[in-house]
Amino acid sequence: MKYAEFNIDNKIVEFHNTMIGFEKIIINDQTVSKKYSFSGVTHQLPFKDCYLESKYVQFGNRKIALTLIKDGNIIDEKTIATNTKQRIFWMMIGVLSGIVTYRFLNYIVQFAN
């Protein structure tokens with residue numbers, strides 16, 4: 001899912017992210033970087049000393065902070081709320097992992113007695 005778009009050197013830089021944390025940077029319809037991230041990652045762009053940083057605020061308002069940096073200077077910053085489907089997906093993962101952990105530990109305690 002496309003979250004943000006930046007313009008640098010007359011080129012369109014797009015930031016895409018999936019529900020499970022795979023990030024992709026596309027410049028003019030060509031993928032230039034693919035990385036997995038749980039809390040944020042730095043993508044090197046094919047421009048001299050230029051990169052895009054992503055950082056996730058996972059608790060509370062769940063946002064993605066994107067920073068485009070060139071020659072050590074911040075060119076652009078964007079903060080985007082994560083998709084509602086993505087929030088629900090991770091909430092369900094948390095609930096299901098809690099239920100599975102509870103049942104597993106309950107089974108171990110009953111088996112030990």
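Numbers here simply count residues along the sequence, with the first being 1. This one's a predicted model, so the numbers in the text were calculated from it and none came from an experiment.
Judged as a ring pair (Phe, Tyr, Trp, His ring centres under 6.0 Å), not a single pair has a partner in residues 94-113 (not counting sequence neighbours). Listed by first and then second residue, the side chain to side chain donor-acceptor pair (under 3.5 Å) pairs that reach into residues 41-53 are E23-H43, S33-H43, sequence neighbours excluded.
Here the side chains of I64 and N17 are in contact, with some heavy-atom distance below 4.5 Å. No side-chain heavy atom of I69 sits under 4.5 Å from any side-chain heavy atom of C50. Using a 4.5 Å heavy-atom cutoff, the side chains of I27 and F47 are in contact.
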*Under the side chain to side chain contact (heavy atoms under 4.5 Å, CB included) rule, what do F6 and L66 come out as? Steps first, then yes or no, please.*
CA-CA 10 Å; F6 299 92; L66 300 172; 3.9 Å; yes
*Test side chain to side chain contact (heavy atoms under 4.5 Å, CB included) on K24 and T18 and set out the steps.*
CA-CA 9 Å; K24 183 168 37 173; T18 66; over 6 Å; no
_Pair T31, I25 - check side chain to side chain contact (heavy atoms under 4.5 Å, CB included), show working._
CA-CA 6 Å; T31 301; I25 306 299; over 6 Å; no
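Checked by atom type and distance alone, the side chain of S97 pairs as donor or acceptor with a backbone atom of G94 at under 3.5 Å.
Hydrophobic clustering (ILVMFWY, side-chain heavy atoms < 4.5 Å, transitive): I26 and V32 are in distinct clusters.
The CG atom of L45 lies 10.5 Å from the CG atom of D9; values are rounded to the nearest 0.5 Å. To the nearest 0.5 Å, atom CD of residue E14 and atom CG of residue N28 are 8.5 Å apart.
Nearest heavy atoms, N7 versus I12: OD1-CG1, 3.5 Å. Taking all atoms of both residues into account, the shortest heavy-atom contact from G40 to Y56 is N-CD1, 3.4 Å.
Within a 6.0 Å radius of CG in D71, other residues, nucleotides and ligands contribute more than 12 heavy atoms. Other residues, nucleotides and ligands contribute over 12 non-hydrogen atoms within 6.0 Å of the NZ atom of K35. Atom NZ of K78 has more than 12 heavy atoms from other residues, nucleotides or ligands within 6.0 Å.
None of N106, I99, V100 except one satisfies the side chain to side chain contact (heavy atoms under 4.5 Å, CB included) rule with R103; the exception is I99.
Grouped by direct or indirect side-chain proximity (heavy atoms under 4.5 Å, Ile/Leu/Val/Met/Phe/Trp/Tyr only), V41 sits alone.
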